[in-house]
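As a basis for the values below, the full set of heavy atoms in this structure was taken, side chains included, without hydrogen atoms, waters or symmetry mates. Just follow the structure's listing: the first ligand is 1, and inside any ligand the first atom is 1.
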Amino acid sequence: MMALRITDLCKSFDGQTVLNNVALELPKGKLLAILGPSGCGKTTLLRSIAGFEMPSTGTIEIAGVSVFSDKKQLPAEKRRVGYVPQEGALFPHLTVAQNIAFGLSRQTRNQRVKEMLALVGMEGFEKRMPHELSGGQQQRIALARALAPHPELILLDEPFSALDTGLRAQLREDIKYALEQAGATAIMVTHDQEEAFSMADRIAIMRDGKLVQTADPDAVYTTPSDVHVATFVGDAVILKGQVNGNLVECPLGSLCYQGSSHSREAVTVMIRPEQVTIGSAQSGVIAKVTKTIYFGHDSLIHLELEHSEQHCTPAIRVLGKPPVKKGDLVGLQVNGDVVIYG
Ligand code: ATP
């Protein structure tokens, strides 16, 4: 059974379309990340699922129960959804234990509070007040509170955005672990690509109110649905090319491409920078190094192709120190299949 099924969901604010025919299915027990730039409609989608926002048309089913359609609008408190906002989810005047116990039946309360504190690694914090917790601890308790009443779906709206980088990495792992242990189905909204890729089973890319691609993280990275997705989820070398049978001709050579063969036509070619290796200028496509930037763990090598009609300035990442310097001539080789768009 699907934990969530959305069809044709639309929503406008003052004539501006914010959700544009959104369709989504999420199997039970999976974590989906909705990844998109600021203002694309991520929060509006999450709030519509939770019941805090009223869409104009479409349907939403949670665990087989219709919660929104033209005939039915179930109020938020009846949707069996746990919502964790960016920050400030906890009642400031209640202790940690009282926050988690809020809304639980008297019989199960104490036992469930214990279980939830263990799940998020915060045993012993029962009597603390929210202001006595760090930002990361507050988010753990917010998740514990959301999970406590056994919801069908957990919604996390940029849950780490208020935290500093070091804490975020640890909390990501802990929250993923807690969700998995609880067998929860969850949707997390983020504009942080690393967060989406490191945590999610599936990623939905959102742009201008639409879900433009929903797939496994690997499929989103290796076969993005269009050039915008390709450049949004990582670095990409984008070139014009010409299909010739099973190969595509472009300034970086005659390359194999993914998918079925196209008839001879002009296409856009997408190459991930890690597919490109830099060698000596004796072989490969000749390029000049225009700049190198050393980051410690890796370096960025900016290049300009020497004998190309198309202006082509790829930037390639290599591990460790730059193996070349500004002004050097090098040979570029592309490994693996490239992606083409008609
Ligand atoms: P961010 O990553 O910045 O939080 P988002 O992708 O979550 O952005 P939303 O918060 O869903 O985007 O907003 C989408 C669009 O809808 C924005 O243009 C926003 O200004 C508009 N919007 C959101 N809520 C309202 C509202 N209550 N009234 C009018 N416009 C709104």
Numbered atoms of ligand 1 (with element) below 4.0 Å of Thr43, judged on heavy atoms: 4 (O), 5 (P), 7 (O), 10 (O), 11 (O)
Atom 23 (C) of ligand 1: nearest protein contact (heavy atom, Å): Phe13 CE1, 3.4 Å
Verdict with reasoning, Arg168 to Asp192, per salt bridge (charged side-chain N to carboxylate O under 4.0 Å, His left out): CA-CA 11 Å; Arg168 282 170 89 129; Asp192 183 329; 3.6 Å; yes
Tyr177 OH: over 12 foreign heavy atoms closer than 6.0 Å: no
Pair Glu158, His191: side-chain N/O donor-acceptor within cut-off below 3.5 Å: yes
Protein contact to atom 2 (O) of ligand 1 [nearest heavy atom, distance to 0.1 Å]: Lys42 NZ, 2.9 Å
Test side-chain contact (heavy atoms from CB on, under 4.5 Å) applied to Phe68 and Thr59, Leu9, Thr57, the passing residue: Leu9
Value rounded to 0.5 Å, distance of CD1 in Ile271 from CG in Leu255: 5.5 Å
Identity and separation of the nearest protein heavy atom to atom 11 (O) of ligand 1: Thr44 OG1, 2.5 Å
Under 4.0 Å to a heavy atom of Pro37 - the qualifying atoms of ligand 1, by number: 6 (O)
Flag: protein heavy atom within less than 4.0 Å of atom 20 (O) of ligand 1: no
N or O contact, Gln86 vs ligand 1, cut-off under 3.5 Å: no
Atoms of ligand 1, numbered as shown, that sit under 4.0 Å from any heavy atom of Val18: 14 (C), 15 (C), 16 (O)
Atom 18 (O) of ligand 1: nearest protein contact (heavy atom, Å): Gln16 NE2, 3.3 Å
Nearest-neighbour protein heavy atom for atom 3 (O) of ligand 1, which is reported as residue plus atom name and distance: Ser38 OG, 2.5 Å
Residues, nucleotides or ligands: over 12 heavy atoms within 6.0 Å of Asp216 CG: yes
Within 45° cone of Phe125 ring axis and under 6.0 Å: Arg140 NZ or CZ: no
For Glu158, atoms of ligand 1 separated by under 4.0 Å from a heavy atom: 2 (O)
His93 side, atom NE2; Asn99 side, atom CG - distance, nearest 0.5 Å: 8.0 Å
Protein heavy-atom partner closest to atom 12 (O) of ligand 1 - residue, atom, separation in Å: Gly41 N, 3.3 Å
Any Gly39 heavy atom less than 4.0 Å from ligand 1: yes
Arg272 to Tyr221 six-membered ring, cation-pi geometry met (6.0 Å, 45°): yes
